[in-house]
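Below is one structure, written out as structure tokens, with a few remarks after it.
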Amino acid sequence: MTEVTSDVRVIIAVAGKDWRGELRSRQLPIGAAFFGAVTLFVFGFALGPDRAALAQAAPGLLWLALILAGMLVVSRLQQLETDDGAGEQLALYPASRGAIYLGKVTAALPFLLLLGAVLLPATAVLYSVVIGPALPALVATIVLGSFGFAAVGTFYAGLTARMRAREILLPLLLLPVIAPLLLAAVRATVAALAGDPFSEVASWLGLLAAFDLVMVAVGAATYGTVLEE
Amino acid sequence: MNRAALPVRLLGIAAVLTIGAATWYGLFVVPPDLNQGDAQRILYIHVASAWHAFFSFGLAAAASVGWLIWRNPRFDAAALAFAEVGVLFTVSTIWAGMMWGKPVWGTYWQWEDPRLVTTALLLALYLGYLLVRRLTDDPVRRATRAAAVAIIAAVDIPIVHFSVTWWRGLHQGPTFGNPETILNPPAPGAFVTALLFMLFGVILLWAWLIIRRYQLARLEWIAEEAAQRAAVGVPA
Amino acid sequence: MTDAGFVIAAYVGILGSWVAYALWLSRRLAARHAPPPPTGAPRPDNTSAAEE
Amino acid sequence: MPQTTIFVRPPGVPESAPAAVETRELSRLFGGGVALGGLSIRIEPGAAVMVEGSNGAGKTTLLRILATALRPSFGTVLLDGIDAVATPERVRPRIGLLGHATALYDDLTASENLRFAATMSGIPSPDVEPRIGTALARVEMASTANHRVGGFSAGMRRRVALARLLLGHPRLVLLDEPLTALDASAVDLLDGLLAEWAGQGTTVVIASHLADRLGAPIHGCLQLENGRLARVSGPGIAEVVPGREQLAAALPSASW
């Protein structure tokens, strides 16, 4: 009889381990948020001073900044396992691969949500966009978007961790896969900011939720391929 | 010249003949379309390519699941064959879409056409698949990593299609009349026969390419393993 | 370019790529069936002993 | 060396029990190079085996495969009769590995690292803290339990990694270059553990190129060169040609 550690306990242990480490060094939350804000700022330069153009492009720029900064988050959390061969030891524990994956996804979530919490107001300020009334819809979009990104980002950060040219490979593999997430999130954000009826936003949120569920399920089912040497 | 099995050679010949005839039929026999003119002739090969592109990637994912479960190299060889041939047909689909788009829409690339955008993403996903294979040396690990990428890509495609189709729904009224009729022109008899004719030819070609690519992949796996066994001195 | 030009470009491009791929495939298969390289010679490969 | 099965058996253990470790033509390649080329060994439960060889001889590769951290290219591995390649999850709970790398999280303290390891190993919650305490005490690291591992010296890191190994009760202990970065007192500590394991019938496989500094009883020593078995020595060694007509079991006293 092989006692496999209960999945919930594994998820909490893996996520807790990453949080404790990262919050102690606080390098990741601050670094990622700062990078996101700088990206938004630079986008402002790129699209010129025309306020109307910026406001119109704001949702797209917000989500591009979130995704670029998000890649820092998942890469950093994967680096924890790559350093000192920790990932190899992780694979030796009698724990289900799916639970370890869900632990890493859970670990990434708060950092991505923090990114949203920083970049949303930053977008409002830099691109003169009124977010007040649309806040609940925006928060929902950021939560669902972050969850989907964490699911796919965690998987691909793991898959490419020990591969040659992984710095190029991660964005190359990740961006096409999250294209629907980016599209749905941006459309939901546009609808929310435009004050469209919630049913409009809800349809995009539904698509986001479907994406999240599918990707988490496939990610958990195939994460064994990431841990396998 | 390697003596491929007779049925495979016949399949190849049949494919060449059928596609040749279908092309001749589509280009010269079918009358030009009312509003699209000759450009409409591109649709036969465009649609045929598109179906085979998507079909191939579904099978690549299925073969990849087979590899992850049974770890038999045949599944990996099949997944590679489906993916690589799938890329070929995806490129064909995109090229046809652009050649058709310029005369009909006025631009090589139309964001309005959800199928074109979806196909382009498909190409990006499967170039990633081929790159992951190329960057991994150990045959078993290569198969395993590639399998995961193929499955995630295949699962991603329907969602890509939905999101792009909904997104397109927001852009109404391109310059050339209602997009619906242009994208799915009313199907006069000749159009359908030309399309089916080409489709049949491409099915034969697709099958031939898959079989040959599978054989090549299998031989490559055997050679790679033989080289490893020889290096290790373990009896074959 | 006239419509016909695009039609030709489409067909020539696609059929050309299919033929090219088929030929490449046949050539690779022919090479595989040719006498195998001297056995026992592991692939010359400069990757370090440890996997990348 | 001809294709032979090397037996390593401690005194007094009948040969019929399922071997603690049994490999057949065990091989692994990286890129084109052979890391391990066709190793066939059988180690009886309770034996202590030294695997020697220069850098790149295949020691670490062998240990990583036995620990189920690495998949072999060819060959089979049976641990206590269970196929470790096909069903690694069934053998992992009984294996303790002190790897080449210490596999610790720098931003976590020593006890936090061990708490994570204990939880992931499935040790019941009430037992976690006491076991961490005893393990850290055993490696004389109790005083620095709450210090970040990132600030530890190499020797201290290896002691914490050793403590992690002691959390569970492994039936098979794999030590990869355990002596590296250990000071004299740590070596004594290791000797004590080896004696303890010998007493408990735990099988130990040590990969090291500094074999002489260990005082504990070693039943067999396998010399690897370029991934192949070059020489065998030691009291418990019984070289058996395939077909295993007879087993020459010369078993002098444990001291060697």
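Chain identifiers are assigned alphabetically (A, B, ...) following the order of the sequence lines, protein sequences preceding nucleic acid strands; residue numbering begins at 1 within each chain.
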Can you name the side chain to side chain donor-acceptor pair (under 3.5 Å) partners of D/Y105, sequence neighbours left out?
A/K17, A/E81
Using non-hydrogen atoms and a 4.5 Å limit, figure out which bit of [X] sits close to chain D: side chain, backbone, both or neither.
| X | value |
| --- | --- |
| A/R24 | side chain |
| A/I100 | side chain |
| A/A91 | backbone |

Quick check for you: to the nearest 0.5 Å, what is the distance between D/L97 atom CG and A/Q89 atom CD?
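CD of A/Q89 is found 6.5 Å from CG of D/L97.
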Working to the nearest 0.5 angstrom, can you tell me the gap between D/H100 NE2 and A/E88 CD?
11.0 Å
With a strict 4.5 Å heavy-atom criterion, list every residue of [range] that contacts chain A, or say none.
| range | value |
| --- | --- |
| residues 155-169 of chain D | D/R157, D/R164 |
| residues 58-71 of chain D | D/R64, D/A67, D/T68, D/A69, D/L70, D/R71 |
| residues 124-151 of chain D | D/P124, D/S125, D/V128, D/R148 |

Taking every non-hydrogen atom, the tightest pair across [X] and [Y]:
| X | Y | result |
| --- | --- | --- |
| A/L90 | D/M120 | CD1-CE, 3.9 Å |
| D/S121 | A/P94 | O-CG, 3.8 Å |
| A/E22 | D/D107 | OE2-OD2, 3.9 Å |

Against chain A, label D/I95 side chain, backbone, both or neither, depending on which of its atoms sit under 4.5 Å from a heavy atom there.
neither
Given 3.5 Å as the limit, does a donor-acceptor pair link the side chain of A/D84 with the main chain of D/L104, or not?
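Answer holds: yes.
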Tell me whether the count of non-hydrogen atoms from other residues, nucleotides or ligands lying under 6.0 Å of CG in D/D80 goes above 12.
yes
Counting heavy-atom pairs under 4.5 Å with chain A, which one of D/A117, D/A103, D/G99, D/P88 comes out on top?
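Heavy-atom pairs under 4.5 Å are most numerous for D/A103.
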